[in-house]
2 protein chains.
Amino acid sequence: MQQYSEILRSYDINPSYTRLLIYQYLKEVRSHPTAEEIYRAILGTLPTLSKTTVYNTLHLFTEKHLATMIMMDENETRYDLITKPHAHFKCMNCSKIFDVAIEPPAIDAAFLKDYIVEDAQLLYRGFCPECKKTL
Amino acid sequence: MQQYSEILRSYDINPSYTRLLIYQYLKEVRSHPTAEEIYRAILGTLPTLSKTTVYNTLHLFTEKHLATMIMMDENETRYDLITKPHAHFKCMNCSKIFDVAIEPPAIDAAFLKDYIVEDAQLLYRGFCPECKKTL
DNA sequence: ATCATTGCAAACACTTTGCATACGC
DNA sequence: GCGTATGCAAAGTGTTTGCAATGAT
């Protein structure tokens, strides 16, 4: 986990044990988890963990541009480490989320001149191969 | 409002007065309102309106594919009538939402073969011209 | 000793649910 | 009168807040 400490430090985040665990989870599981999922996953390793700390940490990661919030249905915020831009596909039946190898299109120059674009998200919704069968 | 009745009927929605008012609001205001905003706006015309009815109606519209839910920050669901696909830009400072004349890219054929894509959303976040100045 | 980090409990905001009332044909 | 539409109040869910406790240097 030593290398993760360095990463956190490079984002100006003090690498506490809790933060490392959360970072590791995001890094290794890569499933766009909700705060709840992260909380439950890490409870096994760190039974004293509180949900507040998970939220604190995720806010911190977002603020420092290490992670990004992604909004999907059902009013649950999910989190993803910032890597290269990509799209998400969410199955309307089983709620699974799939990464799609497609980049959000660049916004046109005229718009860019007046606005500052920090982040782009591309979300597709529909039915995954499994759920498609049952329709 | 006669023509609106026809539209609702064509989506297999019984055009009650309440539903017409909500449809009209979505149609004429076009600002991707939240349920709360719709509720407050229509209260003036229909003081007995309840928020439950607003939610009922929005769910009905969504189910019948007349409207679509769009998810943004802050865990608030916004609603938009389904027109042609377009993108949204949300100011991270003032929270205003701007329509962007750009289409979500078509998902590639290989993906399409296995999945059913019902809906695409493209969301940009950043700072609008007004808020840009104050940074 | 000081400052940062964590955690609890309560508050909050948005949405849904269950059921009762009212409305339209 | 029967089925649909509406509305109230309560519950539910995810998130935030205030503050106290703990930890690190």
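Here is how names work: the chains are called A, B, and so on, in the same order as the sequence lines, proteins then strands, and each is numbered from 1. The basis for the numbers below is simple: all heavy atoms, side chains too, and nothing from hydrogens, waters or symmetry mates.
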task: Provide the start and end nucleotides, 5' to 3', of the part of DNA chain D that has atoms under 4.0 Å from heavy atoms of chain A.
output: D:dG14 to D:dT17
- request: Please report the shortest heavy-atom distance between A:R19 and A:N14, naming the atom on each side.
  value: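 Nearest heavy atoms, A:R19 then A:N14: NH1-O, 3.1 Å.
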message: As a test of reading the structure: which of C:dT15, C:dG18, C:dT6 is closest to the side chain of B:T52, going by heavy atoms?
response: C:dG18
Whole-Å distance separating the [atom1] atom of [X] from the [atom2] atom of [N]:
| X | N | atom1 | atom2 | value |
| --- | --- | --- | --- | --- |
| A:I22 | C:dT6 | CD1 | P | 8 Å |
| B:E76 | C:dT15 | CD | P | 8 Å |
| B:Y79 | C:dC14 | OH | P | 12 Å |
| B:L60 | C:dT15 | CG | P | 17 Å |
| B:Y39 | C:dT16 | OH | P | 17 Å |
| B:N56 | C:dT15 | CG | C1' | 11 Å |
| A:D12 | C:dA4 | CG | P | 12 Å |
| A:K51 | C:dG7 | NZ | C1' | 13 Å |

message: In terms of relative ring orientation, are B:H86 and B:H32 parallel, tilted or perpendicular, with 30° and 60° separating the classes?
response: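 Tilted: the ring planes of B:H86 and B:H32 meet at 30° to 60°.
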- prompt: Does OP1 or OP2 of C:dT15 have a side-chain N or O of B:Y55 closer than 4.0 Å?
  reply: yes
Expected output: side-chain B:E6 to main-chain B:Q3 donor-acceptor under 3.5 Å: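 Answer holds: no.
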message: In this structure, is the centre-to-centre distance between the rings of B:Y115 and A:F127 below 6.0 Å?
response: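 Ring centroids of A:F127 and B:Y115 are no less than 6.0 Å from each other.
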task: Could you tell me if the ring centre of A:Y55 sits under 6.0 Å from that of A:Y39?
output: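 No, too far apart.
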query: Heavy atoms under 4.0 Å, any strand shown: does A:T34 hit a base, just sugar-phosphate, or nothing?
result: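 Nothing, no nucleic acid heavy atom in range.
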Student check: side-chain heavy atoms of A:K90 and A:K96 closer than 4.5 Å: no
task: Would you tell me whether B:Y11 and B:E63 have side-chain atoms, one donor and one acceptor, within less than 3.5 Å of each other?
output: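 No, no side-chain donor-acceptor pair sits under 3.5 Å.
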